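As structure tokens, the structure follows; a few thoughts come after it.
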Amino acid sequence: MADKPRYYVTTAIAYPNGPPHIGHAYEAIATDAIARFMRLDGYDVLFLTGTDEHGIKMLQTATKEKLSPQQLVERNVPLFMKMVERLNCSNDDFIRTTEERHHRASIGIWQRMEAAGDIYVGKYSGWYSVRDEAYYDEDETRLNEQSERVGPQGTPVEWVEEESYFFRLSAYQQKLLDLYERHPDFVLPKERLNEVSAFVKGGLQDLSISRTTFDWGVKVPGNAKHVMYVWVDALTNYITAVGYPDVDSAQFRRYWPADLHVIGKDIVRFHAVYWPAFLMSAGIEVPRRVFSHGFLFNRGEKMSKSVGNVVDPFALADAFGVDQMRYFFLREVPFGQDGNYSLEAIVNRINADLANDLGNLAQRSLTMIARQLDGVLPKPGAFSDADKALLAMADSMIVKAREAMRTQQLHQVLNAVWAVVAEANRYFAGEAPWALAKSDPGRQGTVLYVTAEAIRQVGILAQPFMPTAAAKLLDLLAVPLAERQFAMLGQGRRIAAGTALPAPSPVFPRYVESEGSA
RNA sequence: GGCGGGGUAGCUCAGCUGGUCAGAGCGGCGGAAUCAUAAUCCGUAGGUCGCCGGUUCGAUCCCGGCCCCCGCUACCA
């Protein structure tokens, strides 16, 4: 297996100035599903997530809570670590930008950009919005009803004048456009690339990349008065984790450039414009793809503390189960688009798709094997047309799944899988194995075998999405641990007949309304 | 203002380069079955495919105009 292809996938690093929310959970879940899918499909995967701990907003939040930034970080970051653990994410590393390795990497890339002549000292003065972490031209600001000056987003701005290092972003306009031209899939979904491309075509200004007004960040090499702009620092995490600045390390050579950065649509520009420009400047290969997912809305409303509809991912996991929660978000929301969720939608989905369609199909077929066939998976007779049709559909799942996964269409993978679940239910009802018990036991055995085989393939493909439940399902079918890879899917791969199966028990409980849930 | 994407059954949405394109899932309604987690299966939804014109033998899908929604972006003030 030494020549497994590699696959490096990342989430954006989360900004821990508060506890994790559902958006963080969503990104982690989706990226984990991708990572697990690729592993099962034979890739040597490196899956990275982490936290972006510097910047003035951290400092301000800390101050407000009478903490040092370090204390704030030590309080909040563990919550993010617990979240990915709770969500059953299989990340290989968890990077924190306060780590020494990350400071080294940030300094490294800075020095390379500087050596390339792309960094110069200038002076920056302007209206700065702390909340947006952005400067605005005077004419972009206005006075609100309280006569406070605010930026385009309505956030307060203050006049700031500071010496600043600048990155020669303007020099990269054509190179970036060339990149988009050569790799039309560099940003997905496609609409996002169009937006980015339009932005770049509109002209790029040099980017202020250091601050002197606070010191919670990575110090600029050779000038400790400055800390790096938080985005230089943050983006660099992706190469820190593979050993940068040691570009000759086995890790770096093996995993860089990253195959996929999964991010939220609000930070597309940083990943699709600034990041590749920084990398080009430093002489580092650019990542292969940036995928921008959408936002999650609670009953059509953006989550916000003031509306009081903030949902804690831990509470959601407690209420419905981690696998169920993962399934819901990945099935219900077309990946890349915004999504809506509500209690009813979650309950409907997990009861209909999981408990009723898949769980109950497994339960009814397996209890029949347990009770009527002594718990031994029957040996099939000759396959009828109906048998062949269901098997062919099951065999085709992996093909469709890979096709969908090529562009991260996670919901399409699940659609393909659940189409087989639905067909298997139709098949089961049509063949009525309960009636065959007396009339034609041989035929009953064949029907149960074919059903079990369909469930086996469904179970294997469900693993990236619902690791625990899928494993349990495969346990019930006595599928050996070593035979749960995608290589075991498709034509010619069949469940072993004659195997003794464990006593069946329901895999997906039905959700029944209790009192206080999420 | 510019660019881009949308407005299709109660809800969420599929419908590629015009002629079974009027569809799927969920919900609702009716029926069948009773092996199973009161789960499953079958049938049913008569919706001006945003509005108005046009091209065509024929348009949801092509063209023009208009209304509304969303994203990116610009500017006025």
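If you're wondering where the values come from, they're calculated on a predicted model, not measured in any experiment. Within every chain, numbering begins at 1; the chains are lettered A, B, ... in the order of the sequence lines, protein sequences first and strands thereafter.
- We find that CG of A:Asn351 is positioned 14 Å from C1' of B:G27, with the value rounded to whole Å.
- With rounding to whole Å, A:Trp418 atom CH2 is found 16 Å from B:C26 atom C1'.
- Map A:Arg349 and A:Val196 each onto its nearest nucleotide of RNA chain B; the residue landing nearer the 5' end is A:Arg349.
- Atom CZ of A:Phe297 and atom C1' of B:C11 are 18 Å apart (whole Å).
- Closest of all the heavy-atom pairs between A:Leu414 and A:Tyr327 is CD2-CE1, 4.1 Å.
- Using a cutoff of 4.0 Å between basic side-chain nitrogens and carboxylate oxygens, A:Lys400 and A:Glu403 are not scored as salt-bridged.
- To the nearest angstrom, P of B:U12 lies 18 Å from CG of A:Asp353.
- The pair A:Arg182-A:Asp178 fails the salt-bridge criterion, with no side-chain N (NZ, NE, NH1 or NH2) lying under 4.0 Å from an Asp/Glu carboxylate O.
- Atom NZ in A:Lys190 sits about 18 Å away from atom P in B:C72, given to the nearest Å.
- Of all nucleotides listed (B:C35, B:A36, B:C26), B:A36 comes nearest to the side chain of A:Arg371.
- In terms of heavy-atom proximity, A:Thr49 sits nearest to A:Ala12 at OG1-O, 4.3 Å.
- The distance from atom NE2 of A:His411 to atom P of B:G25 is 17 Å, rounded to the nearest whole Å.
- Classified by interplanar angle (parallel below 30°, tilted 30° to 60°, perpendicular above 60°), the ring pair A:Tyr172/A:Phe167 is parallel.
- The A:Gln363 side chain lies nearest to B:A36 when the options are B:A33, B:C26, B:A36.
- With salt bridges taken as basic N to acidic carboxylate O contacts below 4.0 Å, none links A:Glu483 and A:Arg493.
- For the C1' atoms, the distance linking B:A45 with B:G23 amounts to 12 Å, nearest Å.
- Nucleotide B:G6 holds its C1' atom 13 Å from the CZ atom of A:Arg192, rounded to whole Å.
- In this structure, CD of A:Glu431 is placed 17 Å from C1' of B:A32, rounded to the nearest angstrom.
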Show the distances under 3.5 angstrom between N or O atoms of the protein and N or O atoms of nucleotides 39-43 of chain B.
| residue | atom | partner | partner atom | Å |
| --- | --- | --- | --- | --- |
| B:A39 | OP1 | A:Arg510 | NE | 3.2 |
| B:A39 | OP1 | A:Arg510 | NH2 | 2.9 |
| B:A39 | O2' | A:Asn356 | O | 3.1 |
| B:A39 | O2' | A:Asn360 | ND2 | 2.7 |
| B:U40 | OP1 | A:Asp357 | OD1 | 3.2 |
| B:U40 | O2' | A:Arg364 | NH1 | 3.3 |

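- Nucleotides B:A22 and B:C52 have their C1' atoms positioned 22 Å apart, rounded to a whole Å.
- Ion pair A:Asp395/A:Lys388 not flagged as a salt bridge, since none of the NZ, NE, NH1 or NH2 atoms sits closer than 4.0 Å to an Asp/Glu carboxylate oxygen.
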